[in-house]
A.B. asks: 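Handing you a structure now.
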Amino acid sequence: MKRCLGLSLASLVLLVTSAALGATEQPVRSDTQAELENFVIQDCGSCHGLSLKGGLGPPLRPENLKNLPEGAIAAIIREGVPGTAMPPWKPLLAPADIQWISHQLKTGALISP
Ligand code: HEC
C-alpha cells in the first residue's frame, strides 16, 4: 500500500521535475511518502493554510471534517468543488494518493496538535 503510494508519487515528482527542467533524468530515490506529506502541506496548504487551519479554503483539521466521511473527502479532492477555487486533483494524484491524503486529513496525522 505505502509502496504503491510512493511509486505513484515518484512518477508525479518525475513528471513535475522533468516538465520544470525539460530534463529526462532518472528519478532520484527518496522518501516519497514524506514528499506526499510535503505536497499536502505546501500545495493544499497554499489555500487551506500551512497548518490546515484555513485560508482561501476552509480549515481541513479533523474537527472540521467530522461530518465528511473519508470517501466524501476523497471525492472532493478527486473532482474539486466546481464554481470554487478548489481544483480537481485527479490529473495530478493517483487514486491511492487521494485515499491516503483523505485518511491523513481525517486522522490529523499530518498536523501538529
Ligand atoms: C487554489 C486553492 C485551493 C487549493 C490549492 C486546494 N484547495 Fe481544497 N478547497 C478550496 C476551496 C476554496 C474550498 C471550499 C469550496 C467550497 O466552497 O465548498 C476547498 C474545499 C476543500 C475540501 C472540503 C472541505 C469542506 O469542509 O467541505 C477538502 C477536503 C479540500 N478542499 C481538500 C484539499 C486538498 C487535499 C488539497 C490539496 C491536494 C486542496 N484542497 C487544495 C481551495 C483550494
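Numbering of ligands and ligand atoms starts at 1, following listing order.
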A.B. asks: Can you give me the closest heavy-atom contact between Ser51 and Ile111, atom names plus distance?
C.D. replies: O-CG2, 3.8 Å
A.B. asks: May I ask you to list the atoms of ligand 1 that are less than 4.0 angstrom from any heavy atom of Ile76?
C.D. replies: 22 (C), 23 (C), 28 (C)
A.B. asks: Measuring from atom CG of Leu110 to atom CD of Glu37, what distance do you get when rounded to the nearest 0.5 angstrom?
C.D. replies: 5.0 Å
A.B. asks: Do you know the tightest heavy-atom contact between Lys106 and Ile73?
C.D. replies: CD-CD1, 3.9 Å
A.B. asks: Does ligand 1 have a heavy atom under 4.0 Å from the side chain of Leu60, from its backbone, from both, or from neither?
C.D. replies: side chain
A.B. asks: Would you tell me which option among Arg78, Met86, Gln42 has the nearest heavy-atom contact to atom 10 (C) of ligand 1?
C.D. replies: Met86
A.B. asks: Which heavy atom of the protein is the closest neighbour of atom 14 (C) of ligand 1, given with residue, atom name and distance?
C.D. replies: Pro58 CD, 3.4 Å
A.B. asks: Hydrophobic clustering (ILVMFWY, side-chain heavy atoms < 4.5 Å, transitive) - are Ile41 and Leu56 grouped together?
C.D. replies: no
A.B. asks: If you have a sec, work out which protein heavy atom is nearest atom 8 (Fe) of ligand 1 and how many Å separate them, to one decimal?
C.D. replies: His48 NE2, 2.0 Å
A.B. asks: Provide, to 0.1 Å, the distance between atom 38 (C) of ligand 1 and the closest protein heavy atom, together with that atom's residue and name.
C.D. replies: Cys44 SG, 2.6 Å
A.B. asks: Taking side-chain contact (heavy atoms from CB on, under 4.5 Å) as the criterion, tell me which of Leu60, Leu105, Ile76 meets it with Leu68.
C.D. replies: Ile76
A.B. asks: Over all heavy atoms of both residues, which pair between Ile98 and Lys90 is shortest? Give the atoms and the distance, please.
C.D. replies: CD1-CA, 4.5 Å
A.B. asks: What protein heavy atom lies closest to atom 18 (O) of ligand 1? Include the residue and the distance to one decimal.
C.D. replies: Val81 CG1, 3.6 Å
A.B. asks: Which pair of non-hydrogen atoms, one from His48 and one from Pro58, has the smallest distance, and what is that distance?
C.D. replies: ND1-O, 2.7 Å
A.B. asks: Return the closest protein heavy atom for atom 41 (C) of ligand 1 as residue, atom name and distance.
C.D. replies: Trp89 CZ2, 3.4 Å
A.B. asks: Report yes if some N/O of Ser46 lies less than 3.5 Å from some N/O of ligand 1; otherwise report no.
C.D. replies: no
A.B. asks: Within a distance under 4.0 Å of any heavy atom of Gly57, pick out the atoms of ligand 1 and give their elements.
C.D. replies: 10 (C), 11 (C), 12 (C)
A.B. asks: Nearest non-hydrogen atom to atom 5 (C) of ligand 1 belongs to which of Asp43, Leu68, Ile77, Thr84?
C.D. replies: Asp43
A.B. asks: Return the CD to NZ distance between Glu63 and Lys53, rounded to the nearest 0.5 Å.
C.D. replies: 9.0 Å
A.B. asks: Could you identify the single nearest non-hydrogen protein atom to atom 1 (C) of ligand 1 and state the distance to 0.1 Å?
C.D. replies: Cys47 SG, 2.7 Å
